[in-house]
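All values reported here derive from a predicted model rather than from experimental measurement. Here is how names work: the chains are called A, B, and so on, in the same order as the sequence lines, proteins then strands, and each is numbered from 1.
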Amino acid sequence: MLEISNLTHVYGSGPGAHHALGGVDLKVAQGELVCIVGPSGCGKSTLLRSIAGLLHPTGGTVTLGGKPVERTPDDLAVVFQDYSRSLFPWMSVGDNVALPLRRKGMDRPRRREAATEALEQVGLAGAEGKYPWQLSGGMQQRVSIARALAYRPALMLMDEPFGSVDAQTREDLEDLTLRVRSHHDMTILLITHDIDESVYVGDRVVVLSKAPATVVGDLRVDLPGPRDQITTRENPEFVHLRAEVGRLVRGMRDDPGAAS
Amino acid sequence: MLEISNLTHVYGSGPGAHHALGGVDLKVAQGELVCIVGPSGCGKSTLLRSIAGLLHPTGGTVTLGGKPVERTPDDLAVVFQDYSRSLFPWMSVGDNVALPLRRKGMDRPRRREAATEALEQVGLAGAEGKYPWQLSGGMQQRVSIARALAYRPALMLMDEPFGSVDAQTREDLEDLTLRVRSHHDMTILLITHDIDESVYVGDRVVVLSKAPATVVGDLRVDLPGPRDQITTRENPEFVHLRAEVGRLVRGMRDDPGAAS
Amino acid sequence: GSEPADTAQASGGGGLEKAEITIGALPIPDSAALYIANKRGFFKEEGLTVNIETVQGGAQAQQSLMGGSLDATQTNYVSTFLAVSAGNKLKIVADLYQATPNSFNIMVPKDSPIKTPADLKGKKIAVNSKRNIGTLSVTSVLKAHGLTEQDVTFLEFPFPDMAGKLQQGVVDAAWMTEPHLTAVQKNIGAQKLADTMTGPTADFPIAGVVVTEEFLAKHPKTVAAFQRGLAKAQQISASDRKAVEEILPTYTKIDAATAAVITLGSFPTSLDETRLQRVSDLMVEQGYLKSAIPAKTILPDSNG
Amino acid sequence: MTGRSLFDNRLLCGAIGVAGLFCLAELAGRTGLIDPIVFPLASSVVGRAVGLAADVDFLADVASTLGAWAVGLLLTVLIAVPVGFLLGTLPWVETSLRPVLEFLRPIPSVALIPLALLLFSDRFDMKVAVIVYAAWWPVLINTMYGLKDVDPLAKETLRSFGFGPMAVLWRVSLPSTAPFIATGVRLAAAIALILAISAELLAGGSSGIGTFILEAGSSPDALEYTVAATIWAGAIGVISNSLFTLAERRLFHWHLARTEGAR
Amino acid sequence: MRFLRALGRLWLVPVVLVAWEVATRAAEDVFFPPPTTIVARMHEMWFSGPAERLWLTDAALENIPTSVGRLFVGWLLASVIGIVLGVMLGRSALLSRFIDPLIQFGRAIPPPALLPLFLALFSIGAQMQIVTITSGIIWPILLNAGDGARHVDRQHLETSTVFGLSRSQRLFWVILPSAMPKIFAGLRLSLSLALILMVISELVGSVNGIGFQLLDAQRSYDLPGVWGTIVVLGVLGYLLNSAFLVAERRVLSWHRGANRTT
Ligand SMILES: Nc1ncnc2c1ncn2[C@@H]1O[C@H](COP(=O)(O)OP(=O)(O)OP(=O)(O)O)[C@@H](O)[C@H]1O
Ligand SMILES: Nc1ncnc2c1ncn2[C@@H]1O[C@H](COP(=O)(O)OP(=O)(O)OP(=O)(O)O)[C@@H](O)[C@H]1O
Ligand SMILES: [Mg+2]
Ligand SMILES: [Mg+2]
């Protein structure tokens with residue numbers, strides 16, 4: 001479904017230029033959930049923004065469903081890393097979630113209903129009428145997840161979506177994501193720093209090197225489904241994979257030579 | 001050093017009022033590092049903002065060094081949860097870190113030097129000249145940590161300071177915090193969602209209930225120092241404490257009655 | 001009200017081309033006859049409705065004339081000649097006001113060292129508008145005393161501000177007219193230095209009513225009706241000072257008491273080519289006009 | 001505590017401020033610092049201004065000025081905001097038009113009104129045109145600067161959900177620029193009032209505050225009348241500004257909530 | 001290369017000029033002379049002087065520099081007072097409660113109406129004219145600075161509180177930079193307003209300046225002269241604005257960078 005080949009991106013120009021992506025190759029099949037991990041500042045968000053068509057990479061191509069991505073593709077949802085800035089302060093939480101649904105041609109009551117349902121799913125029942133700035137950080141993050149989930153996109157891009165919530169809520173959201181994905185046949189790219197999480201939710205874990213980022217590891221996660229927070233995490237395969245990913249991430253950091 | 005007694009806070013008034021803090025009692029001794037965990041939206045940031053004097057709680061008292069906190073205490077540093085909005089976009093990263101040092105009466109070269117050093121410590125060597133909006137999320141978070149560390153405050157309040165960085169960097173930052181703390185005799189309050197982290201860095205772990213928040217657990221962490229990412233985490237006491245904290249956090253979530 | 005209400009629209013009396021016109025007037029004694037005519041129904045008798053609008057000065061009013069928001073306007077003759085020389089096609093259809101002794105004086109502060117117009121050399125003189133009647137008449141006084149325009153500095157101030165400027169010493173003398181002349185004597189004890197309407201400017205024509213050539217050509221009957229109505233009022237103004245005193249407070253902020261004591265100009269009852277020619281000649285003499293404009297060219301051909 | 005609550009009363013504080021200025025002005029007149037011949041005493045001016053409230057003709061003048069002001073301001077906003085958006089979002093249009101716009105901006109009303117007199121046969125139209133010409137600049141410029149201040153992430157969020165540029169403009173750029181535009185409108189409101197009066201002053205007419213001042217010019221007390229009418233203009237400014245501020249507070253409470261606080 | 005690009009931005013100017021010429025020639029209205037006539041008159045008025053004085057005539061040397069000088073002084077004064085007062089009002093609710101009505105009052109008063117007061121308070125000439133300019137153009141700066149200072153991102157203020165920044169540090173490093181985009185909008189507005197006020201200030205009791213020349217031309221029915229003065233004002237406005245934008249680009253570079261989208 002998604003094909004990225006030799007993607008490079010340089011921020012700025014001249015001596016102050018920063019090579020963020022150094023030739024990323026990646027293929028994602030329809031319905032897959034791919035986790036991307038990599039050191040902080042390596043270029044994960046840059047990669048995601050290129051896929052979303054929000055940034056014109058300086059080199060390489062991104063094709064989605066066979067067509068090159070030049071502008072933002074249809075039927076896409078993004079959970080931004082900086083969730084607080086991606087919510088509109090002039091709208092209530094309910095309206096924030098319902099707004100994208102206009103694109104789906106839903107009428108007002110149906111939009112409302114869908115928003116309420118999505119907010120309930122992320123544990124924010126009854127918060128529709130509040131404004132984003134009346135919510136805690138974790139709650140804001142969940143609103144932006146709810147907004148993406150309610151949209152039911154074909155492709156969902158999530159940039160550290162569960163970073164600001166407590167452990168229990170995080171697990172719930174992970175399971176929610178898995179559930180929604182299998183119900184609606186979404187393709188999901190999920191950036192995370194939590195190695196356990198990447199193995200737990202991912203069908204594949206892609207490891208990026210530090211900048212300029214390239215793919216240094218692409219592990220298939222062959223864990224039996226449906227996954228479960230307790231049994232899956234006890235599975236020896238899980239433990240093995242997680243150590244493997246950990247080693248890759250750490251390796252990249254210690255040996256910058258491997259990146260190029 | 002810090003004494004909080006029966007702290008309550010209500011946001012808004014009338015039927016839409018939200019009881020965030022429901023009588024929090026907490027004592028922190030000089031030089032202690034106390035971790036605070038609790039469900040998302042329970043009132044952790046509210047508590048921290050009351051201590052920093054940024055918010056006038058509706059009830060109860062906060063005293064620092066014997067004196068009630070009415071305005072922002074001296075010699076305090078905060079790493080905000082919403083780090084990206086707490087950096088000044090009109091200043092370079094170096095200036096952002098160096099700005100508070102003016103208060104310490106440092107001259108320009110010394111401020112610069114201190115900023116460079118702090119940035120190096122968080123793994124951002126060479127980023128002084130960039131602007132915050134040229135950095136990735138995790139890098140911005142590290143800048144705000146560097147700013148707080150360079151300031152060497154007597155009391156440091158950190159609101160999920162390591163949420164946006166990769167696992168390896170996170171461990172480095174944890175160790176850095178511990179090191180700086182013991183070198184400069186800081187008192188630190190650290191809010192986190194990572195239970196492992198709370199046990200690893202904390203002298204004590206305080207668990208808050210869901211809103212209205214009260215203290216439902218206050219565990220002393222008796223792990224041998226200096227701590228070490230590998231050996232400490234293998235210590236049976238660590239494993240026991242972490243399970244204990246996990247149980248408390250989860251318990252609070254399932255049984256809201258326990259909160260009052 | 002300026003719709004080009006077209007020709008043969010027989011409304012009211014006499015089949016006027018346009019039964020309602022808008023005329024601009026300044027809130028000064030000069031335009032008294034217009035208001036008298038309106039109040040006493042002289043225009044109505046001719047089948048004409050006249051709306052009088054206040055204007056700030058001749059120049060803007062002439063522009064309103066061109067733009068069509070006014071059909072006719074009161075204006076002073078100096079402005080008219082200047083406008084005509086600049087290529088505007090205007091016609092004077094009625095005379096309104098003419099100077100009399102002591103209606104336009106140069107005033108100096110109470111204890112001024114300036115005793116005669118000759119002392120004005122190198123001094124500052126306030127006028128309400130440069131390159132207009134004020135400067136023209138003051139210059140002719142200066143000439144009579146051996147000075148030229150270059151020997152003094154003219155500064156522009158509105159009439160109401162002049163008392164203060166004299167008091168502050170910002171200007172050494174001020175060219176003023178009524179009711180400010182009376183007020184400045186009363187309030188700050190200013191003294192008359194010279195009457196500017198003597199000699200070459202004695203009985204000098206001041207103001208009249210103009211329309212555009214085009215308007216006159218299209219609405220000859222309307223203009224004639226207007227002239228007839230105004231002439232009656234002008235007659236009254238010329239012969240009955242009381243009538244003028246009564247009308248003044250209704251369209252200016254001059255109260256009855258002041259109206260009773262101020263010096264008024266005279267209200268000529270006919271348009272006179274030779275008198276108007278004096279304005280043009282004086283303007284040429286002082287360089288306001290490059291060449292003389294025959295007064296005949298700005299008067300209607302047939303004085304109906 | 002009572003002192004505090006006293007000072008919380010906007011109306012009272014404002015009244016104290018106004019009274020203070022009044023006393024200062026009166027004092028300056030009484031002590032001869034400002035000669036009452038040169039500039040009338042505050043008390044006589046205020047007396048005159050209060051007296052005008054009972055003058056039916058003057059009230060009609062005020063109403064006439066306010067009519068042109070309201071229509072002019074409304075048109076200003078309707079024109080300037082869309083044009084501001086056009087210039088603010090399409091840089092090439094802005095750079096092309098800039099020389100012409102910047103050339104037009106400094107043309108003063110004294111030069112403009114005579115031209116407007118030539119072009120408009122209706123006085124009301126003329127006033128409105130002059131008002132719009134002078135008052136649209138602050139709205140235009142503030143709109144353009146406000147657009148530069150929109151959080152790019154907010155725009156990207158909407159774009160990522162597949163919304164087109166118009167939707168982004170309408171749903172993100174407009175609301176987040178609105179407080180900036182509001183400041184411009186408040187500026188424009190005062191300029192529009194000034195221009196309405198100036199147009200009446202320069203062009204005359206049958207009613208309006210400016211025409212009133214024009215007529216007062218023939219009075220021996222002309223200065224007092226003029227200043228009294230000016231006080232009315234100022235008072236209208238204060239009232240209209242309060243209304244705008246009130247409206248802003250209601251409309252942009254989200255903006256206040258995010259920015260008020262820590263003092 | 002940069003020069004060429006700058007020229008490219010001016011493409012509309014010749015288009016407008018030609019259209020203007022054609023339209024006015026067709027209309028043949030004395031009040032709307034064609035640009036060529038205006039330029040000829042401008043040349044005669046200002047640019048027909050001796051070569052060693054850059055062809056400037058006495059009139060140009062006497063009027064343009066004095067006017068522009070007063071304009072700059074007035075604008076600088078307005079900027080300083082406007083920013084200082086605006087920030088004070090924006091940051092102090094108490095002060096703004098007392099003074100705000102006065103400001104709203106002053107804002108709505110037509111500058112010509114204030115002339116008598118200034119004439120009473122200040123000696124005629126440059127001083128009075130500068131005061132007129134300053135008082136007329138201060139409002140956009142004051143209002144924008146006030147709004148900018150009032151609406152600083154809460155998190156930024158809290159950060160500076162927490163790190164104990166002194167009042168002046170907070171002002172110079174946090175409040176001012178964050179209000180800067182709004183302040184610049186105000187400064188830019190007031191710069192061309194300053195040209196307008198310059199003209200107004202020269203209408204009463206003055207003996208030189210561009211406004212004086214405008215009035216003089218109006219009085220003598222010298223319509224090409226009137227238009228020529230307007231053109232000079234427009235060109236001055238364009239030049240001042242261009243210089244201003246260069247300065248703004250430097251000061252607000254962070255702002256453009258931070259708010260750029262692709
Ligand atoms: N607008 C920009 N201008 C210049 N450099 C930029 C810009 N945005 C990002 N960069 C640089 O590009 C690199 C990659 O940034 P990116 O945000 O993609 O990292 P990331 O992998 O998402 O990191 P994190 O996990 O910390 O969010 C960083 O080093 C950053 O400094
Ligand atoms: N300005 C506000 N107005 C109204 N309610 C608020 C406001 N700020 C916070 N709250 C409410 O107070 C509660 C506690 O918020 P707080 O930010 O302290 O939570 P938190 O424990 O930090 O959560 P998180 O871990 O998600 O950051 C939340 O339910 C939130 O909705
Ligand atoms: Mg990122
Ligand atoms: Mg929080």
Measure distances from B:L87 to the heavy atoms of chain E and classify the residue's part below 4.5 Å as side chain, backbone, both or neither.
->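 Only the backbone of B:L87 comes within 4.5 Å of chain E.
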
Atom group of B:D74 that falls short of 4.5 Å from chain E, counting heavy atoms | neither

Measuring from [X]:[atom1] to [Y]:[atom2], what's the distance to the nearest 0.5 Å?
X      : Y      : atom1 : atom2 : answer
B:S86  : E:R154 : OG    : CZ    : 14.5 Å
E:T161 : B:L54  : OG1   : CG    : 6.0 Å
B:R103 : E:S160 : CZ    : OG    : 11.5 Å
E:F163 : B:K104 : CZ    : NZ    : 10.5 Å
B:T72  : E:E158 : OG1   : CD    : 8.5 Å
B:W90  : E:M180 : CH2   : CE    : 10.5 Å

Give the C-alpha distance, both sets of side-chain angles, the deciding distance and a yes or no for side-chain contact (heavy atoms from CB on, under 4.5 Å) between E:T159 and B:R147.
-> CA-CA 11 Å; E:T159 303; B:R147 178 168 65 182; 3.3 Å; yes

Kindly indicate whether the side chain of E:W173, heavy atoms from C-beta on, has any atom under 4.5 Å from the side chain of B:D95.
-> no

Under a 4.5 Å cut-off applied to non-hydrogen side-chain atoms, are B:W133 and E:W254 in contact?
-> yes

Chain E shares the most heavy-atom pairs under 4.5 Å, among B:P132, B:A148, B:A52, B:P89, with B:P89

Within the side chain of E:H156, is there an N or O that forms a donor-acceptor pair under 3.5 Å with the backbone of B:R85?
->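 Side chain of E:H156 to backbone of B:R85, a donor-acceptor pair under 3.5 Å: yes, one is there.
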
Determine whether more than 12 heavy atoms belonging to other residues, nucleotides or ligands lie under 6.0 Å from atom CZ of B:R204.
->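 Enclosed: over 12 neighbouring heavy atoms sit under 6.0 Å from CZ of B:R204.
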
So does B:Y11 have more than 12 non-hydrogen atoms from other groups sitting under 6.0 Å from OH?
-> yes

